[in-house]
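Working notes, structure below.
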Amino acid sequence: MNRRIRLWLVAVAGTALAALLVAACLDLPDFGGDRHPYGDRAVDASLARHTANTVASVNFDQRAFDTLGELTVLFAAVVGCVVLLRQTRDEHRARPEPEPVARPVRRYALAVLPVALLTGLYVIAHGQLSPGGGFQGGVVAATALHLLYLGADYRALERVRPLGLYEAGDAVAVSAYLVTGLAGLIGATAFLANTLLPYGTFNTLSSGGTVPLLNAAVGMEVACAVVVLLARFLDQAVEIEDPTGKGSGTP
Amino acid sequence: MNGWILAATVALGAGAGATLWGVATGPLRRRVVAQNLSTALACLVLLLLAQGYDRPSYVDLALVLALLGPVGTLVFARLLADDLAEDPPRAWGPTYLVVGAGAAVVTALCVATGPSRASAKLLVVGALLIGGNVVASRALSGGFSGLRRG
Amino acid sequence: MTPRAAMRTTLRAAAEFLAWWTGLAVLWLILISAVGPLELAVGATVAALGALAARAARRAVTGR
Amino acid sequence: MADAVIIVALLLVAAAATTAVLVRDPVRQALVLAVLGVLLAVLFTTLQAPDVGLSQLAVGSALTPLLLLLTVRKVRRRGRKEGPRR
Amino acid sequence: MTAVTHVLPYLVAVWIFLIGCYGLATSRNLIHAVGCLSVCQAATYVLLLAVGYRDGATAPVFSDVEPGSRPVVDPVVQALALTDVVVGATVTALLLALVVQVAKRHGTVDPDELSELRG
């Protein structure tokens, strides 16, 4: 099946799919319509549990079990990357040397790193109040750490980032999520049910029952997962060379 | 239809359209500069939309973009250092244009919100945006010249 | 490392940590909308974390 | 009239997606994908979805380009017989 | 509102999905193909959020708005789109790890050359 036949097949199937999709779009309810039955009920349930950010309430309270599934997808992907990008026997690891970087860039990296880390933790902490949550804040915090690689070099980042700690942190965070769910099972009614803690006063940091706890667990898990993921990719791209040394030399 | 959303629409259509055209065509050095300017312009659009929709909590998006936009450009500047080495980008004109626009937008928003913690937050976002943009442009035009191993 | 030099380095380290901590705490106060006791406590710990990260980053870069 | 900004954002996202596909070189595509991520975040804000916009910003502005470029660097150093830059 | 804006977001989502599939089918570089796949996924975000939009409504986040004072958009699709974005990024990372392995094993990332190698 050479390339020409494959392209013809794609063209024919593509146009047929396009026709069907456009026909489907014409029958969809108008954009901006007023009928959102699930949305209204989700908002009412979220307000009943004093959670200001309804999306966080849907994610961590009404559909907490699906978020557990997503957490395992994240965890499995990181484990997959760790296995795929490991250093094979015949590859050797070259020590990263210090790299010359312009002074303003390094000063910017050193100045913005704590600010970005603070913003990431702010986004996680206020996940159930203002826009944000565990996922977004975790990625921002992990990216903040890698400013060291961007502002200086990989050796500086390695010195600050003990990888074993982050892999353990990843596992601890996922199990913290599970333990909170089991506590719901033991303490009150159902797995991951939000009946364990009092809902607190509306629009404060302690409102929403277990939503802030699950938010923090997901935030820590995503931050550790992204650090481990980027560590594997950086190792492959900067440190690990092939047996024939082809990999080394100027990139 | 208030003026803020109109301003955001114009900035989005003109500014983002130009940067998209800049990043789609031309030599690599111009594409990298266009990417840097696109994050700055998008941050301004987000600030205008936050004011236009009367939702102060949307400023968090502009804050994260003001932080991560320049970091994304640093990623490109660092990992494409060898590709950019032969003809480094020299686009200080558009950068200062966008920085000026940013300063104007942030001051207009601060005047609109009046002296309060919210305008302090806007000033922080403006400072991060302008500082990040200038440093990213500096990094693009030769911040990582002596790089060997990346 | 004479005791006086050791004392001076720890003093300088504490000063740097405190400077970062106050800066980040002020930034936290600007970021949050409603100020409450719990917010201040969380802000204090997060600012301390950020100050530690800032110091570790500076030492990692300059201590090469 | 608030929909004008939605329409402009939608058309820009469509144009950016088309560009991202038509640009064949991975490095240049990473640049266009970064711009596409930012435009998507603006579109999500106009559609009143700040949480999704925030996650698209966090993921699309620094993480995805870094992963793409690190892979390009590894593949470019590894595969010496890389064909002419298409 | 004119008739076209009633259906424009859905058509844009369909267009982005089809152009992503076209890119996937005709790509000559696996890294480019992974980029096209993330474009396909962007189509799902646009469609999901377009389904949940309500005219003149605001975000269902009540940290700075009095609940019930303004109509809100559908939060359920936003939670789905949020999960979609995060999983999309993770899948992209895993696929890129696979591309690195393919490049190591076969020395090339052109799908057509790969099919001939029977590696």
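Owing to the predicted nature of the structure, the values given are computational and were not obtained by experimental measurement. Letters A, B, ... are given to chains in the order of the sequence lines, protein chains preceding strands, and every chain is numbered from 1.
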Verify salt bridge (Lys or Arg N to Asp or Glu O under 4.0 Å) between B/K121 and B/D60, making sure each step is shown before the conclusion. CA-CA 9 Å; B/K121 194 170 189 179; B/D60 290 351; 2.8 Å; yes
Which atoms of [X] are under 4.5 Å from chain D, going by heavy atoms: the side chain, the backbone, both sets, or neither?
{"X": "B/L28", "value": "both"}
{"X": "B/V32", "value": "both"}
{"X": "B/F76", "value": "both"}
{"X": "B/L46", "value": "side chain"}
{"X": "B/L41", "value": "neither"}
{"X": "B/V45", "value": "side chain"}

Do [X] and [Y] make a side-chain contact, defined as non-hydrogen atoms from C-beta onward lying under 4.5 Å apart?
{"X": "B/W4", "Y": "B/L109", "result": "yes"}
{"X": "B/S137", "Y": "B/N133", "result": "yes"}
{"X": "D/L54", "Y": "D/F44", "result": "no"}

Determine the option with the most heavy-atom pairs under 4.5 angstrom with chain B, choosing from [options].
{"options": "D/L11, D/V38, D/V42", "value": "D/V42"}
{"options": "D/V72, D/V23, D/V35", "value": "D/V35"}
{"options": "D/A15, D/A41, D/A30, D/G53", "value": "D/A30"}
{"options": "D/V32, D/L57, D/L63, D/T19", "value": "D/L57"}

Walk me through it: do B/Q35 and B/T19 pass the test side-chain hydrogen bond (donor to acceptor under 3.5 Å, both in side chains)? CA-CA 7 Å; B/Q35 193 271 335; B/T19 45; over 6 Å; no
Yes or no on side-chain hydrogen bond (donor to acceptor under 3.5 Å, both in side chains) for B/N36 and B/T95, after CA distance, side-chain angles and deciding distance? CA-CA 9 Å; B/N36 182 26; B/T95 307; 5.2 Å; no
With only heavy atoms counted, which part of [X] is less than 4.5 Å from chain B, the side chain, the backbone, both or neither?
{"X": "D/S61", "result": "both"}
{"X": "D/Q48", "result": "both"}
{"X": "D/T64", "result": "neither"}

Assess whether atom CH2 of B/W92 is packed by more than 12 heavy atoms of other residues, nucleotides or ligands within 6.0 Å.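 Counting other residues, nucleotides and ligands, CH2 of B/W92 exceeds 12 neighbours.
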Which of B/T39, B/V10, B/L61 touches chain D most, by non-hydrogen pairs under 4.5 Å: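 Winner by heavy-atom pair count: B/L61.
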Leading residue by heavy atom contact count with chain D [cutoff under 4.5 Å; candidates B/V71, B/L49, B/L12, B/L74]: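 Ranked by contacts with chain D, first place is B/L12.
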With D/A16 via side-chain contact (heavy atoms from CB on, under 4.5 Å) - residues at least two apart: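 Counting only residues at least two positions away or on another chain, D/A16 forms a side-chain contact (heavy atoms from CB on, under 4.5 Å) with B/L20, D/L36, D/L39.
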Test side-chain hydrogen bond (donor to acceptor under 3.5 Å, both in side chains) on B/R31 and B/T25; report intermediate values, then the result. CA-CA 7 Å; B/R31 295 176 186 233; B/T25 56; over 6 Å; no
B/L84 side, atom CG; B/R29 side, atom CZ - distance, nearest 0.5 Å: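 It comes to 10.0 Å.
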